[in-house]
Number of protein chains: 2
Amino acid sequence: MNANMETLAAQLRAHGHKLTRPRRAILQALAEAAKPLSPAELQTRARVFDAELGLVTVYRTLEIMEELGLVRPVHLADGCHGYALATPGHTHHVVCQRCHAVVEIVGCDLGVFLEHVAARTGYTITGHWLEIAGLCADCQRALQEEAYTREENDHAAE
Amino acid sequence: MNANMETLAAQLRAHGHKLTRPRRAILQALAEAAKPLSPAELQTRARVFDAELGLVTVYRTLEIMEELGLVRPVHLADGCHGYALATPGHTHHVVCQRCHAVVEIVGCDLGVFLEHVAARTGYTITGHWLEIAGLCADCQRALQEEAYTREENDHAAE
DNA sequence: TTCTAAATGAAAAACTTTTTCAATACGGAA
DNA sequence: TTCCGTATTGAAAAAGTTTTTCATTTAGAA
């Protein structure tokens, strides 16, 4: 059990939730994940630690963790919801809106911005998720070619 | 048809998509929406402009628009996906992770940051979505009281 | 106007998420 | 340690969402 997981476990306990075998398995799997996981993916990974783990429990545990701000929902490309740990020191991603290729960005200085937000809204900021959308080099090329071909046809037709 | 919608329509045309009545209805509804809409909500609103509009067409149109970077997926609290126009000049939101209350933030200066990202990754940045998660004042209080009550019980039990 | 490919709606299929309920297991008290 | 009460669990079913299929319609170019 690593430090990350101890913290998560402590937070659950601090709010009166029991620390069960299925939940430990889920925490462990989340702590080890390098990317947001859908509930189904999370179940698969957590079953390494608790082979009996049911999908319903994954949903219920994620719900609790989201309420406590331990986990954050993220949009996944394949049509279902993903969850990632809301730990500090995370990285951000740029996602290509056409082919869904992902590039990681290191270094993110939103600290000052977030302090302003906290001061202005009265919220305690527990985390943030910055999704940057764009077009990767390949898709830029593909889209341009598409548009170009169309234009050529238009001219040829005149 | 407002300017926003003209731009969207032009973008679809530029990539060889037909501009049909159902699609115009969808664009119109999106352009008028002040918040991210789920496909079902979008259908309801777009039916004002095309009473026959089918939900399948909403999904298909959103898929095209997402590929072209005209629309961005957003996580909604009620378990389905939301879509918002990827227009510049948008605002950001802080969402309470416990009660899902939303506060809007005006002023967001990520411009410089995004330029760095573009330069480093080779991506054309078409937009970004910053989700800030936190606890609203009410939920901070509620959670603290919960934890406090628990502690009291613990002490009383000693 | 005519033509053709793209786009459409309806129905069905496939998935995801939530609810229900009897059985189980955590963690406090003895 | 063992016992007890209640939170938690898995399985099944229900509800909701997204995707696929297919015959029909329609936009837009000739």
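Since the model is a prediction, treat every value here as computed from it, not as a measurement. Residue numbers begin at 1 in each chain, while the letters A, B, ... track the order of the sequences.
- The line from CG of L68(B) to CD of Q11(B) is 7.0 Å long, rounded to the nearest 0.5 Å.
- For Y59(A) and dT18(C), the shortest distance from a side-chain N or O to OP1 or OP2 is not below 4.0 Å.
- As rounded to whole Å, 8 Å separates atom C1' of dA7(D) from atom CZ of R23(A).
- Remark: F49(A) CZ to L27(A) CG distance equals 11.0 Å, nearest 0.5 Å.
- Atom pair L12(A):CG and dC26(C):P shows a separation of 15 Å (rounding to whole Å applied).
- Between the NE2 atom of H17(A) and the C1' atom of dT8(D) there is a distance of 12 Å, given to the nearest Å.
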Report each atom pair, protein N/O against N/O of nucleotides 20-27 of chain D, whose distance is under 3.5 angstrom.
from, atom 1, to, atom 2, distance (Å)
dA27(D), N3, K18(B), NZ, 3.1

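- Not one side-chain nitrogen or oxygen of R13(A) sits closer than 4.0 Å to the OP1 or OP2 atom of dC26(C).
- Nearest-nucleotide assignment on DNA chain C puts the 5′-proximal partner with D50(B), out of D50(B) and A40(A).
- Remark: E63(A) pairs with no residue by the side-chain contact (heavy atoms from CB on, under 4.5 Å) rule, at least two apart or across chains.
- Between the side chain of Q140(A) and the main chain of G122(B), a donor-acceptor pair closer than 3.5 Å is present.
- When the C1' atom of dT17(C) is taken as reference, atom CG of L42(A) falls 15 Å away, rounded to whole Å.
- When the side-chain contact (heavy atoms from CB on, under 4.5 Å) test is applied to T57(B), the partners found at least two apart in sequence or on another chain are P22(B), I26(B), L53(B), R60(B), T61(B).
- Atom CD of Q43(B) is separated from atom P of dT17(D) by 11 Å (rounded to the nearest Å).
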Quiz prompt | D50(B)/R24(B) under side-chain contact (heavy atoms from CB on, under 4.5 Å): CA gap, chis, key distance, verdict | solution = CA-CA 9 Å; D50(B) 177 2; R24(B) 268 195 296 267; over 6 Å; no

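- In this structure, CG of L55(A) is placed 14 Å from P of dC15(C), rounded to the nearest angstrom.
- In the model, T44(B) has no side-chain atom that pairs as donor or acceptor with a side-chain atom of E41(B) under 3.5 Å.
- Rounding to whole angstrom units, CD of residue E52(A) and P of dA11(D) are separated by 7 Å.
- The distance between atom CD of E63(B) and atom P of dT18(D), rounded to the nearest whole Å, is 13 Å.
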